[in-house]
Amino acid sequence: MHPIRKKRLTIVLFLLVGVSVAVALTTYALRQNINLFYDPSQIAAGEAPVDVRIRAGGMVEEGTVQRDPESLKVEFKVTDFTSSVLVEYTGILPDLFAEGQGVVAMGRMDGNGRFVADQVLAKHDENYMPPEVNEALEKAAGKRAAMPGATGESSAGY
Amino acid sequence: MAFDSFSAFLAMDGHGPYVWTCYAVFFLLMGVMTWWSLRQRRAVIAQQRRRMAPTPSADERPAAASFTRIESSQD
Amino acid sequence: MWQIFHKLGSPKWFFGIASTLMPWLLVAGAALLMTGIVWGLVFAPQDYLQGNSYRIIFIHVPSAFLAQSVYIMMAVAALVTLVWRMKLADVFVTAVAPVGAVLTFLALFTGAVWGKPTWGTWWIWDARLTSMLILLFLYFGVMALGAAISDEKSSARAVAVLVLVGVVNIPIIKYSVEWWNTLHQPATFKLTEKPSMPAEMWVPLLLSVLGLYLIFGWLACLRMQTHILAREGRTRWVKELVQAREN
């Protein structure tokens with residue numbers, strides 16, 4: 001290559017490396033702010049501030065959703081399969097809200113380890129499938145769970 | 001076919017407005033982009049032709065001709 | 001080596017190639033895109049969780065995919081502009097930047113309309129959505145900078161530097177869903193794994209992505225030809241070409 005072009009290429013590469021390093025350091029330093037929500041494990045470990053508006057996200061634990069019969073109040077546990085946090089919310093839930101589905105809740109931790117949410121958003125995963133396939137998968141998973149000595153592994157894609 | 005009838009297809013189980021808004025905006029913007037690109041091309045060709053015209057046409061005043069934008073060439 | 005490069009960078013040579021390619025690109029692109037969309041809208045099964053709202057994916061993913069691909073192509077062209085000073089590379093960058101901006105806007109818009117019924121919100125400042133918004137502003141910046149500097153050579157270099165600096169945003173968009181907690185789910189299409197949807201969903205999606213790619217190719221050829229005609233107006237071949245069109 002022509003020496004002038006070689007020089008230009010070196011300058012451009014230096015520019016790119018410099019910008020990448022700057023951006024990498026910035027995003028690394030700000031990673032806690034870039035994360036949209038805290039996991040239940042982070043909250044359990046005390047990483048989430050108390051009485052500050054934060055978001056908490058995870059999976060709605062099966063069998064923990066309790067609706068108040070007189071109001072829109074609902075309580076459920078959000079889990080990341082390591083620890084879980086109790087969420088309290090009053091309002092209309094998104095259509096996709098269900099046990100075993102992902103959620104991101106906005107609100108604050110009260111002193112007793114409860115998360116009081118004022119907004120709940122549904123988070124879904126990247127798996128798409130026709131309803132019949134999902135039913136078949138769930139049936140298969142149920143059968144396997146009923147069998148003695150079955151592993152607890154779930155075949156539905158969470 | 002995933003739908004029983006045409007009205008079911010339009011309604012999309014209540015998600016119709018969302019789905020159809022997306023498709024409408026997609027085709028509208030891609031159409032506008034194409035139309036604008038074709039128009040730009042016609043305008044550039046017309047401009048080049050005007051510049052190449054050997055003599056200005058009779059109804060064109062000389063003053064108007066001096067204001068036509070001349071793009072610099074890099075050759 | 002220099003000879004091939006010289007030929008590749010020759011506007012006249014490109015103009016001819018583009019003219020032969022364009023009808024094929026348009027016909028094949030429109031056919032693929034329409035097949036993908038009709039298949040996705042009418043024949044693909046609904047999703048077990050989202051029902052029919054997921055059908056937005058058949059334009060959301062192609063738009064978002066192209067928005068990022070176009071920027072990567074622009075970055076390669078910017079590198080060529082800076083190192084080899086090839087005129088055609090700058091023609092590409094200035095010609096396709098508005099197309100990239102429209103595609104990015106479409107990705108954001110369709111994402112917002114999809115987000116409302118599924119997530120429960122139009123917009124959230126998560127890493128994926130925010131980095132995509134930055135991409136839109138990068139496209140706007142490239143267009144504005146190109147228009148602001150009248151001298152063609154300085155304009156080309158300034159734009160190329162901006163495009164190259166902005167390219168660090170692309171891996172951030174791509175990996176945002178893996179590096180940080182986001183509301184946006186990870187990618188459905190991965191290069192190394194099977195797509196996380198059945199064939200009757202991913203085949204139409206793949207068709208519409210390919211179709212939009214070809215349509216973009218057609219638009220890029222068309223717009224590059226326009227820029228070449230405007231810039232090379234003094235050369236003999238352009239004069240002859242314009243003359244020939246008259247008749």
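Scope of the values below: all heavy atoms of this structure, side chains included, with no hydrogens, waters or symmetry mates. Here is how names work: the chains are called A, B, and so on, in the same order as the sequence lines, proteins then strands, and each is numbered from 1.
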Contact part of [X] toward chain B, heavy-atom cut-off under 4.5 Å: side chain, backbone, both or neither?
X	value
C:L106	side chain
C:R55	both
C:A95	neither
C:L103	side chain
C:F105	side chain
C:L222	both

Is any side-chain heavy atom of [X] less than 4.5 Å from a side-chain heavy atom of [Y]?
X	Y	value
C:P98	B:M33	yes
B:R49	C:K239	no
C:W218	B:T34	yes
B:H15	C:Q46	no
C:I59	B:F27	no
B:Y18	C:P117	yes

Measuring from [X]:[atom1] to [Y]:[atom2], what's the distance to the nearest 0.5 Å?
X	Y	atom1	atom2	value
B:Y23	C:I56	OH	CD1	7.5 Å
B:M30	C:L33	CE	CG	8.0 Å
B:R41	C:I228	CZ	CD1	10.0 Å
C:R223	B:L38	CZ	CG	10.0 Å
C:T226	B:R39	OG1	CZ	12.0 Å
C:W114	B:C22	CH2	SG	9.5 Å

Considering only heavy atoms, which portion of [X] lies under 4.5 Å from any heavy atom of chain C: side chain, backbone, both, or neither?
X	value
B:V44	side chain
B:F26	both
B:F6	neither

Give a yes or no on whether C:F216 atom CZ has more than 12 heavy-atom contacts from other residues, nucleotides or ligands under 6.0 Å away. yes

How about CH2 on C:W122, more than 12 heavy atoms from neighbouring residues, nucleotides or ligands closer than 6.0 Å, or not?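 Result for CH2/C:W122: enclosed.
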
Output the option from C:I37, C:V99, C:L41 having the highest count of non-hydrogen pairs under 4.5 Å with chain B. C:L41

Backbone N or O of C:L229 within a donor-acceptor pair of the B:Q48 side chain at under 3.5 Å?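 Yes; judged by distance alone, with no hydrogens or angles, the pair exists.
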
